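The structure appears right after this line, and notes come after that.
Convention: sequence-line order gives letters A, B, ...; per-chain numbering from 1. Since the structure is predicted, the reported quantities are computational estimates derived from the model, not experimental observations.
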There are 2 protein chains.
Amino acid sequence: MQLDSFDLKILDILQRDGRITNARLALDVGLSESACFNRVRRLEQQKILQRYGAQIDRKALGSFVTVLVSVILESHKQHELARFEQVVSGLPEVVECNYVAGQFDYLLKVVARDMTDYMRVMDELMEAFGKVNQYSSYIVMRKTKEQEMAASYLVDKTRRSAA
Amino acid sequence: MQLDSFDLKILDILQRDGRITNARLALDVGLSESACFNRVRRLEQQKILQRYGAQIDRKALGSFVTVLVSVILESHKQHELARFEQVVSGLPEVVECNYVAGQFDYLLKVVARDMTDYMRVMDELMEAFGKVNQYSSYIVMRKTKEQEMAASYLVDKTRRSAA
DNA sequence: GTTGAAAGTAATCCCTG
DNA sequence: CAGGGATTACTTTCAAC
């Protein structure tokens, strides 16, 4: 499952345009249509291409606040971590949750209608989980960047380290 | 540009499967193919459907660390914020940057090959920008959730607030 | 890897109700 | 909005190089 530069170029292009036609993709990567098609299918079968999705403009749907939340739990027993993650997985407003090493345990990203709604979400979390020692809220004023790294760049980095 | 329940259902489905055929989408939302097709095109033209993309399995490309970084700048003048954001936009390893209100100014998400590489990225940031008062690193041990909210849920929330 | 052809499927547009 | 029908475009497979 070694990826060559054609594979990486395919991944880069599909990452940016998941609906490009095979014919156009083949042209852009410099392969014949059949060769390109076979590679895409292989990448899908290997689950390297995991899924295709549309990105929706949230602003078109209304006004929302995004809040980053650092969380410290009372207990760090494996069982309590699992329970916290379980509760979080059931809250649709929590769109991201990372277990981190550092001065706190989790960092969440919460999307809510407004600050009142945000407090309701956190109340729900406290109600359902309970054993939170402390949490701090950081309201996102402006998202200045959101851009996945290109596959080809990621692999370049790996090669550098192997060298 | 008012969205009805058909539009929301279309957005929800396309968010999860950006490559569904129009025929299948029409079936799932309960519209004729032509009606469904026209709505999708309208949503694209209105930029509510912003882009289609493929999600790639980063683990298939090698081993990486994700680090969340809180940053406090020395100065909060508009010009300095803009310069910081400019520098960040040029660092491919910084995959996300949020300007926040709270105990610090920015929260970054950095993807690097390993901790040595991470330090290199931060060195580059310090070199290029300089006026950082303090930053703290939080290594992501485990991403426990990453799931955008469905369009229909977002809109339900808005209606609740309007009521 | 390539090309080219063939068959199936989907997108796109138009027109009628 | 639905539905049919026509056209064009794309996908997918396959054989031969």
Separation of C:dG1 atom P from A:K9 atom NZ, nearest Å, is 14 Å

Rounded to whole Å, CD of A:E33 lies from C1' of C:dT3 at a distance of 10 Å

Here the distance between atom P of D:dT13 and atom CG of A:N38, to the nearest Å, is 8 Å

TODO: Could you tell me whether the phosphate oxygens of C:dA10, OP1 or OP2, come under 4.0 Å of any side-chain nitrogen or oxygen in B:R24?
DONE: no

A:F37 atom CZ is separated from D:dC10 atom P, nearest whole Å, by 15 Å

Rounded to whole Å, CG of B:L25 lies from C1' of C:dA10 at a distance of 13 Å

Winner on side-chain proximity to B:S34, out of D:dG4, C:dG4, C:dA10, is D:dG4

Tell me what A:S32 touches on the nucleic acid: a base, only sugar-phosphate, or nothing, going by heavy atoms under 4.0 Å. base

>> Check this for me: does any side-chain nitrogen of one of A:K109 and B:E146 sit under 4.0 Å from a carboxylate oxygen of the other?
In response: no

Heavy-atom nearest nucleotide on DNA chain D taken for A:N22 and for B:C36; more 5' hit belongs to B:C36

In whole angstroms, the gap separating P of C:dT3 from CG of A:L31 amounts to 10 Å

When A:A35 and B:I20 are each assigned the nearest nucleotide of DNA chain C, the 5'-most assignment goes to A:A35

With heavy atoms under 4.0 Å as the rule, sort B:R19 into base, sugar-phosphate or nothing. nothing

- For the residue pair A:F104 and B:Y138, does the interplanar ring angle fall in the parallel (under 30°), tilted (30 to 60°) or perpendicular (over 60°) class? parallel

Notebook entry, point to check: Salt bridge between A:E44 and B:R19, side-chain N to carboxylate O under 4.0 Å?
Noted result: yes

Inset, instruction - Determine whether A:D4 and A:R39 make a side-chain contact, defined as any pair of heavy atoms from C-beta on separated by less than 4.5 Å. - result: yes

Taken to the nearest whole Å, CG/B:L27 to C1'/C:dA10 is 14 Å

